[in-house]
Amino acid sequence: QVQLVESGGGLVQAGGSLRLSCAASGRTFSDYIMGWFRQAPGKEREFVTAISRGGGVTRYADSVKGRFTASRDNAKNTAYLQMNSLKPDDTAVYYCAAASKSWGTTTYRNDYYDYWGQGTQVTVSS
């Protein structure tokens, strides 16, 4: 079992920045690919980004490319999501997730991931 706890959400004005953290425990953190997803009210949960085990490979949704950056510190068992130039459309509950599968073309899928955090709210005001 892997336990994931997100933090760092909050209220920010459009154009501002936030950094989310995802603290992992229970298993060897570096064994897992980490993903970030978000779910806005009335919408399905959508892929934001994924980062490989070593952190050298990332994948981003088109909607966040150039604004969001995924990173991880395996020594601290923590994944991060740096969000810049935030827009009201970025308002959502953000979730981190962990996958034990090999890196592939399906890292954007919800069912690719084995473990999920409880989410943290990000609200961007206009």
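Basis for what follows: all heavy atoms, side chains included, without hydrogens, waters or symmetry-related copies.
- The distance from the OG1 atom of T69 to the OH atom of Y80 is 14.5 Å, given to the nearest 0.5 Å.
- Scanning all heavy atoms of the two residues, the minimum distance from Y108 to T105 falls at CE2-O, 3.1 Å.
- Put simply, the side chain of I51 does not reach to within 4.5 Å of the side chain of W36, judged on heavy atoms.
- Ring planes of F68 and Y94: tilted class, angle from 30 to 60°.
- Counting only heavy atoms from C-beta outward, the side chains of Q13 and V124 never approach each other to under 4.5 Å.
- Contact record, Y112 with G104: OH-N, 4.1 Å, taken as the closest heavy-atom pair.
- Panel note: side chain D114, backbone S100; a donor-acceptor pair is recorded below 3.5 Å.
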**OP:** Carefully, step by step, assess T123 and V12 under the rule side-chain contact (heavy atoms from CB on, under 4.5 Å).
**Re:** CA-CA 6 Å; T123 303; V12 64; over 6 Å; no
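- A salt bridge links K65 with D62: the distance from a Lys NZ or Arg NE/NH1/NH2 to an Asp or Glu carboxylate oxygen falls below 4.0 Å.
- Of the possible donor and acceptor atoms, one in the side chain of T78 sits under 3.5 Å from a partner among the backbone N and O of K76.
- Salt bridge present: R109 and D111 bring a charged side-chain N and a carboxylate O closer than 4.0 Å.
- Looking only at side-chain heavy atoms (C-beta outward), L81 and T49 come within less than 4.5 Å of each other.
- Note on V93: it does not cluster hydrophobically with L86, by side-chain heavy-atom contacts below 4.5 Å among ILVMFWY residues.
- Using a 4.5 Å cut-off on side-chain heavy atoms (C-beta onward), D90 and M83 make no contact.
- At least one donor-acceptor pair under 3.5 Å links the side chain of T120 to the backbone N or O of G9.
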**OP:** Report the C-alpha separation of Y115 and Q3 in whole Å, then their side-chain angles, then the decisive distance to 0.1 Å, and conclude whether the side-chain contact (heavy atoms from CB on, under 4.5 Å) test is met.
**Re:** CA-CA 7 Å; Y115 303 101; Q3 291 78 44; over 6 Å; no
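- For the pair E46 (side chain) and F37 (backbone), a donor-acceptor distance under 3.5 Å is absent.
- In this structure, the side chain of T58 does not engage the main chain of A50 through any donor-acceptor pair within 3.5 Å.
- In this structure, CG on N74 lies 13.0 Å from OH on Y32, to the nearest 0.5 angstrom.
- Residue E6 holds its CD atom at 4.0 Å from SG of C96, rounded to the nearest 0.5 Å.
- Between L11 and S125, the closest heavy-atom pair is CD1-CB, 4.3 Å.
- A distance of 8.5 Å separates CG of N77 from OG1 of T28, quoted to the nearest 0.5 Å.
- Contact of the W116 side chain with the N110 side chain is registered, since non-hydrogen atoms from C-beta on lie closer than 4.5 Å.
- Looking at every heavy atom in both residues, P88 comes nearest to A14 through CD-CB, 4.1 Å.
- Side-chain atoms of R38 do not come within 3.5 Å of backbone N or O of A92 as any donor-acceptor pair.
- Side chain of S52 to backbone of V57: a donor-acceptor contact under 3.5 angstrom is found.
- Looking only at distances, no side-chain donor or acceptor of R67 sits under 3.5 Å from a matching main-chain atom of Q82.
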Subject >> Full working for side-chain contact (heavy atoms from CB on, under 4.5 Å) between Y113 and T107 >> reply: CA-CA 8 Å; Y113 295 87; T107 53; 3.9 Å; yes
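- We find the OG-CE distance between S71 and M34 to be 11.0 Å, quoted to the nearest 0.5 Å.
- Contact of the V2 side chain with the L4 side chain is registered, since non-hydrogen atoms from C-beta on lie closer than 4.5 Å.
- No donor-acceptor pair closer than 3.5 Å links the side chain of R59 to the backbone N or O of V48.
- Geometrically, R45 engages Y95 in a cation-pi contact, judged by NZ or CZ lying under 6.0 Å from the ring centre and within 45° of the ring axis.
- For K101, the NZ atom counts as densely surrounded, since its 6.0 Å shell holds more than 12 non-hydrogen atoms of other residues, nucleotides or ligands.
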